[in-house]
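Here is the structure we will look at, set down as structure tokens.
Note that the structure is predicted; figures quoted are calculated from it, not measured. FYI, the numbering just counts along the sequence from 1.
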Amino acid sequence: MSHIVQPLDQPSNYKDSQARLDRQRQNELLSKSTTLYIGNLSFYTTEEQIYEIFGKCTNPEEGGGIKRIIMGLDRNTRTPCGFCFVEYYTHAEALASMRYISGTKLDERIIRCDLDLGYKEGRQFGRGKSGGQVRDEHRQDYDPGRGGWGAQAQRAEIERRREVEERYADAQDGPGAVAGGGGEWAEHEQAVAKMDEGTLKRGRSPDDEDENERSNQRTRIDEESM
């Protein structure tokens, strides 16, 4: 049965795309590697969580343990972008972690562990156009643990909103445009209303009083003649 079941401590086809080594040389280095590449992490997973779970496969009493953890970062924002490197003191510890931890869940995500050729400065940054990982550049699904939509989809949505805003601005400034919010029209209406109210309630003039007095006199004469 041993030839049917895939050994859990064998490296996968994962390969650093920037490594300038042939496959045979890579296999030689991986056979002695003490570094693991951890993929498919949530952007919210912390270094403390990584240390807690990957520290379970160490042998401190035999001089082993985790040497350091390098969190993968977005090249532009310097925030976690879903991967990291874990360096052990021994090759056996790296193999044990790959055997027992790869494929388990961390922050509700199935994480992937592979032997790595070794961390070099600069590899902590994402290589996607937007600064994160390449896999998140072209992703079409919505993944809240990895920043929502893929970077290309986010750029397309930003561009669509910009075009809508530009069309709206052109419509506001173009011929026949209505004043924004109707503020000027409302002020005009209020001024007209006040003028009408002033006309209806204007004070009585002297001419009005004389005419009213003459009318009262005519009324009294008519009453006496009766």
Side-chain angles (χ1 to χ4, degrees), residues 11-23 25-27 29-30 33-57 66-89 93-94 97-98 101-169:
S12 69
N13 291 324
Y14 161 75
K15 175 184 177 182
D16 179 11
S17 60
Q18 294 186 356
R20 300 293 185 263
L21 300 171
D22 58 40
R23 194 64 184 180
R25 178 56 179 161
Q26 285 194 58
N27 289 337
L29 294 174
L30 291 175
S33 174
T34 61
T35 303
L36 287 182
Y37 170 89
I38 318 300
N40 200 37
L41 293 174
S42 166
F43 287 4
Y44 304 101
T45 297
T46 65
E47 184 174 337
E48 289 76 13
Q49 290 174 281
I50 298 294
Y51 191 91
E52 176 67 23
I53 188 171
F54 284 90
K56 296 183 182 299
C57 295
I66 293 178
K67 186 176 181 180
R68 62 172 175 168
I69 296 173
I70 302 98
M71 299 297 291
L73 302 175
D74 185 290
R75 187 174 63 252
N76 300 324
T77 64
R78 297 300 196 265
T79 56
C81 64
F83 72 98
C84 74
F85 298 93
V86 178
E87 288 187 354
Y88 290 96
Y89 283 102
E93 290 173 318
S97 290
M98 192 169 65
I101 299 178
S102 185
T104 61
K105 276 191 173 183
L106 178 59
D107 279 340
E108 298 302 316
R109 305 185 67 83
I110 297 177
I111 59 177
R112 183 182 75 253
C113 308
D114 279 296
L115 287 175
D116 188 80
L117 297 176
Y119 171 76
K120 292 182 179 179
E121 186 62 33
R123 291 190 65 198
Q124 74 270 37
F125 299 121
R127 297 172 180 172
K129 284 181 62 178
S130 299
Q133 287 192 276
V134 175
R135 58 167 292 193
D136 291 312
E137 191 72 27
H138 307 283
R139 185 166 46 75
Q140 296 298 316
D141 62 320
Y142 183 84
D143 189 340
R146 296 185 69 89
W149 299 105
Q152 284 189 354
Q154 291 184 28
R155 286 199 299 270
E157 177 63 16
I158 292 173
E159 181 64 21
R160 185 190 69 80
R161 291 184 181 181
R162 186 184 64 80
E163 291 177 356
V164 170
E165 290 174 356
E166 287 180 352
R167 288 199 299 268
Y168 179 77

Q.
To the nearest 0.5 Å, what is the distance between CE on Met98 and SG on Cys57?
A. 11.5 Å

(Q) Do Ile50 and Leu106 make a side-chain contact, defined as non-hydrogen atoms from C-beta onward lying under 4.5 Å apart? (A) yes

Q | Non-hydrogen atoms of Thr104 and Ile101 that approach each other most closely | A | OG1-O, 2.5 Å

Q | Glu163 CD: over 12 foreign heavy atoms closer than 6.0 Å | A | yes

Q. Are a donor atom and an acceptor atom from the side chains of Arg109 and Asn40 found within less than 3.5 Å of each other?
A. yes

Q) With sequence neighbours excluded, what pairs up with Tyr89 under the side-chain contact (heavy atoms from CB on, under 4.5 Å) test? A) Lys67, Glu93

Q | Heavy-atom side-chain proximity of Asp136 to Arg139 below 4.5 angstrom | A | yes

Q) Any side-chain heavy atom of Cys84 within less than 4.5 Å of one from Leu41? A) yes

Q: Taking the side chain as every heavy atom from C-beta outward, state whether Ile111 and Lys105 have any atom pair closer than 4.5 Å.
A: no

Q) With distance as the sole test, does Arg68 use its side chain to make a donor-acceptor pair with the main-chain N or O of Glu87 at under 3.5 Å? A) no

Q: Please identify each residue that fulfils ring-ring contact (aromatic ring centres under 6.0 Å, His included) with Tyr51, with sequence neighbours left out.
A: none

Q: Please say whether the positively charged group of Arg78, taken as NZ for Lys or CZ for Arg, lies over the ring of Phe125, i.e. under 6.0 angstrom from the six-membered ring centre and within 45 degrees of the axis.
A: yes

Q: Sequence neighbours left out, what passes side-chain contact (heavy atoms from CB on, under 4.5 Å) with Ser102? Give chain and number order.
A: Cys113

Q.
So that I can tick it off, tell me whether Glu137 and Lys129 are bridged by a salt bridge, with the cut-off set at under 4.0 angstrom between side-chain N and carboxylate O.
A. no

Q) Any side-chain donor paired with an acceptor under 3.5 Å for Ser33 and Thr35? A) no

Q. Just how far is it from atom CG of Asp74 to atom OG1 of Thr79, taken to the nearest 0.5 Å?
A. 5.0 Å

Q. Nearest heavy-atom pair of Ser97 and Tyr88: which atoms, and what distance?
A. OG-OH, 2.5 Å

**Q.** Point-to-point distance, once rounded to the nearest 0.5 Å, from CZ of Phe54 to CD1 of Ile66
**A.** 8.0 Å

Q.
Is there a side-chain contact between Leu36 and Phe85 in this structure, where contact means two heavy atoms from C-beta onward sitting under 4.5 Å apart?
A. no

Q) Partners of Glu121 by side-chain contact (heavy atoms from CB on, under 4.5 Å), sequence neighbours excluded? A) Tyr119, Gln124

Q.
Any side-chain to backbone donor/acceptor pair from Asn76 onto Ser130? Under 3.5 Å, distance only.
A. yes

Q. Does a side-chain N-to-carboxylate-O contact under 4.0 Å join Asp22 and Arg25?
A. no

Q.
Among residues at least two apart in sequence or on other chains, which ones pass side-chain contact (heavy atoms from CB on, under 4.5 Å) with Arg161?
A. Glu157

(Q) When you compare the side chain of Arg112 with that of Ile110, does any pair of heavy atoms fall below 4.5 Å? (A) no

Q | Pairs satisfying salt bridge (Lys or Arg N to Asp or Glu O under 4.0 Å), at least one member in residues 33-54, at least two apart | A | Glu52-Lys56

Q: Any chance you could lay out the side-chain hydrogen bond (donor to acceptor under 3.5 Å, both in side chains) test for Thr45 and Asp107, step after step, and finish with the verdict?
A: CA-CA 7 Å; Thr45 297; Asp107 279 340; 2.6 Å; yes

Q) Would you say the side chain of Thr46 lies within less than 4.5 Å of the side chain of Met71, judging by non-hydrogen atoms? A) no

Q | Exercise: identify the closest heavy-atom pair between Tyr37 and Gln133 | A | OH-NE2, 3.0 Å

